[in-house]
Colleague: 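One structure follows; several queries about it will come next.
Naming convention: chains lettered A, B, ... in sequence-line order (proteins, then strands); numbering from 1 in each chain.
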There are 2 protein chains.
Amino acid sequence: MSKDERTLYFPKASLDRLKIYRRLLTETDSEYISSEDIANKLGINPELVRKDLSYINYKGKPKVGYHVQSLLDELNELFGLKKTTNVIIVGAGHLGRALANFKGFSKYGIKIVGIFDNDPQKINQFVGELVVLPLDYINRVVRRFNVEIGTICVPEEAAQKIADLLVQNGIKAIWNFAPVKLEVSEDIIVVDEDISQSLLTIKHLLERKQLEKAGEK
Amino acid sequence: MSKDERTLYFPKASLDRLKIYRRLLTETDSEYISSEDIANKLGINPELVRKDLSYINYKGKPKVGYHVQSLLDELNELFGLKKTTNVIIVGAGHLGRALANFKGFSKYGIKIVGIFDNDPQKINQFVGELVVLPLDYINRVVRRFNVEIGTICVPEEAAQKIADLLVQNGIKAIWNFAPVKLEVSEDIIVVDEDISQSLLTIKHLLERKQLEKAGEK
DNA sequence: TAGATTGTTAATCGATTAACAATC
DNA sequence: TAGATTGTTAATCGATTAACAATC
């Protein structure tokens with residue numbers, strides 16, 4: 001199968017499930033796994049699993065199931081895990097530093113190659129093995145390391161300006177932790193990671209549950 | 001309208017959009033806003049906005065639109081922003097400490113009332129205004145502050161055990177930063193915040209984009 | 001071979017969009 | 001009033017599920 005065939009468009013929901021299958025497979029010891037096994041563990045339908053895998057043109061063996069290792073390889077390829085992608089972080093506050101210190105990214109072929117801030121107090125401080133650099137240095141680092149992803153960990157007032165700066169410097173994708181809808185040109189990938197928003201979901205579900213309980217009486 | 005009417009079931013996608021409308025309204029200065037204004041800013045259909053708002057039984061004024069302040073009030077109520085919810089954090093690593101230090105949660109009616117770790121080196125250290133406590137203290141803190149939400153910031157190997165511990169101690173919702181599917185009883189709310197997974201999405205989209213470009217030639 | 005499991009087409013379901021009457 | 005915008009019913013679209021033939 002050619003790469004082009006494999007990466008034709010398929011639903012976002014399927015892409016998200018493929019990530020979950022991938023995680024499940026990394027925790028699977030057996031040599032083969034059936035669509036039913038996968039479905040049961042995730043609480044979904046086996047047909048859906050098969051459909052999702054058909055999108056990436058991966059073939060299982062009737063009567064046997066899917067070969068865990070080769071499917072995992074295929075999914076790792078799909079998510080570009082085999083090649084290293086260089087990433088910078090803008091904002092050396094608590095969150096930016098926490099991300100810079102996180103050891104788990106290497107598993108996903110992600111390497112943090114720089115952290116930046118405009119606060120003179122933070123500049124030159126060590127964060128793990130990196131040193132906080134001023135924003136002027138973004139250009140140099142991006143070119144030197146061929147950085148594709150920029151992470152925004154600055155306060156929301158500053159986020160749009162930093163996004164513009166990143167785009168100017170040739171960043172192709174933005175991982176945005178600020179609670180703002182960034183306006184960038186269409187060809188830039190933006191993924192929002194607005195963690196406070198999930199707290200809203202939790203609070204709503206707690207409220208709803210409480211009302212349900214009250215209603216039962 | 002009674003609370004019960006308002007909180008009848010509606011699609012998850014609508015709930016997520018309602019959160020986005022809420023954020024947009026906080027950034028809106030005018031007194032009224034039309035479904036078309038909202039839709040344009042978010043790149044969706046005005047009909048969808050009206051449909052979503054009809055789920056929460058919120059009425060606009062024909063020819064005028066929606067009253068920004070009162071809609072915002074309604075949404076704040078929907079997401080339980082007006083009352084304070086107490087939260088604890090388990091795991092005082094970089095991420096746990098970053099969350100404990102984050103000032104923005106108060107806006108959402110969230111208060112961090114405790115941070116815990118099993119590492120003797122971390123216990124008794126200060127994190128902002130809190131002191132890291134051993135896991136044994138979870139029970140006391142949960143009861144004392146009537147804690148509803150527990151945040152898991154421990155390594156993935158430990159996550160399930162901590163989830164069990166939280167549930168034993170009466171926690172009603174888990175905000176899970178570990179890359180693991182937690183097994184908990186049905187009445188416990190679990191919201192996953194697996195940030196590494198979004199990197200997979202970014203890497204995939206980057207790959208796809210590159211293939212598209214290659215294909216154009 | 002018989003049976004189990006895949007792969008795929010058709011049917012169903014649910015969410016989004018279109019249409020339009022109601023209303024200020 | 002006329003016109004703009006809401007609220008809601010009906011039509012469409014897309015994703016999920018069901019059914020079943022293909023295959024090892």
Colleague: Verify whether one side chain among B/Lys111 and B/Thr84 offers a donor that lies under 3.5 Å from an acceptor in the other.
Modeller: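 Result is no, nothing qualifies.
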Colleague: With the criterion being N/O to N/O and under 3.5 Å, what pairs connect the protein with nucleotides 13-16 of chain C, and how long is each?
Modeller:
residue, atom, partner, partner atom, Å
C/dT16, OP1, B/Arg17, NH1, 3.0
C/dT16, OP2, B/Arg17, NH2, 3.1

Colleague: Give the rounded distance in Å between these two atoms: CG of A/Asn57 and P of C/dG7.
Modeller: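 In whole Å, C/dG7 P lies 10 Å from A/Asn57 CG.
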Colleague: Heavy atoms only: give me the nearest B/Tyr32-B/Val68 pair and the separation to one decimal.
Modeller: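 So the minimum-distance heavy-atom pair works out to C-CG2, 3.9 Å.
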Colleague: Name the one of B/Val184, B/Leu165, B/Val142, B/Ile149 that satisfies side-chain contact (heavy atoms from CB on, under 4.5 Å) with B/Ile171?
Modeller: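 When B/Val184, B/Leu165, B/Val142, B/Ile149 are each tested with B/Ile171, the side-chain contact (heavy atoms from CB on, under 4.5 Å) holds only for B/Val142.
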Colleague: Do B/Phe105 and B/Phe102 make the cut of ring centroids closer than 6.0 angstrom?
Modeller: yes
Colleague: I'd like to know whether CD of B/Glu36 has more than 12 heavy-atom contacts from other residues, nucleotides or ligands below 6.0 angstrom.
Modeller: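 Counting neighbours around CD of B/Glu36, 12 or fewer heavy atoms of other residues, nucleotides or ligands fall under 6.0 Å, so no.
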Colleague: Please check the phosphate of C/dT6 (OP1 and OP2 only) for any side-chain N or O of A/Arg50 closer than 4.0 Å.
Modeller: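 The answer is yes; a side-chain N or O of A/Arg50 sits under 4.0 Å from OP1 or OP2.
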Colleague: Enumerate the salt bridge (charged side-chain N to carboxylate O under 4.0 Å, His left out) contacts for residues 145-157 of chain B, please, sequence neighbours excluded, ordered by first and then second residue.
Modeller: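 Pairs touching residues 145-157 of chain B that pass the test: A/Lys107-B/Glu156, B/Glu148-B/Lys172.
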Colleague: What residues from residues 35-42 of chain B pass a heavy-atom cutoff of under 4.0 Å to DNA chain D?
Modeller: B/Ser35
Colleague: Does a side-chain N-to-carboxylate-O contact under 4.0 Å join A/Asp164 and A/Lys161?
Modeller: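 So A/Asp164 does not pair with A/Lys161 through a salt bridge.
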Colleague: Look only at the side chain of A/Asn176 and the backbone of A/Val191, and say whether a donor-acceptor pair between them is shorter than 3.5 Å.
Modeller: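 Answer holds: no.
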Colleague: Heavy atoms within less than 4.0 Å of DNA chain C: which residues of residues 59-68 of chain B have one? Give them sorted by number.
Modeller: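 Residues of residues 59-68 of chain B under 4.0 Å from DNA chain C: B/Pro62, B/Lys63.
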Colleague: For DNA chain D, what string of dots and brackets results from 5' to 3' when Watson-Crick and G-U pairs need both distances under 3.5 Å, crossing pairs get [ ], and pairs with another strand get |?
Modeller: ..||||||||||||||||||||||
Colleague: Is any side-chain N of the basic residue among A/Lys19 and B/Asp194 closer than 4.0 Å to the acidic one's carboxylate O?
Modeller: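 No salt bridge links A/Lys19 with B/Asp194.
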Colleague: Round to a whole Å and report the spacing from CG of B/Leu53 to P of D/dT6.
Modeller: 9 Å
Colleague: Pairs in or reaching into residues 38-66 of chain B: which pass salt bridge (charged side-chain N to carboxylate O under 4.0 Å, His left out), with residues at least two apart or in two chains?
Modeller: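 Qualifying pairs, neighbours excluded: B/Arg17-B/Asp52.
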Colleague: Could you check whether A/Arg208 makes a cation-pi contact with B/Phe10, meaning its NZ or CZ is under 6.0 Å from the centre of the six-membered ring and within 45° of the ring axis?
Modeller: yes
Colleague: Of all the nucleotides listed (D/dT5, C/dA18, D/dA18), which has the minimum atom distance to the side chain of B/Ser34?
Modeller: D/dT5
Colleague: Given atom CG of B/Leu71 and atom P of D/dG7, what is their separation to the nearest angstrom?
Modeller: 10 Å
Colleague: Does B/Glu27, at its CD atom, have more than 12 non-hydrogen atoms belonging to other residues, nucleotides or ligands within less than 6.0 Å?
Modeller: yes
Colleague: Kindly give the heavy-atom pair with the smallest separation between B/Tyr66 and B/Leu71, and that separation in Å.
Modeller: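 Minimum heavy-atom separation between B/Tyr66 and B/Leu71: CB-CD2, 4.0 Å.
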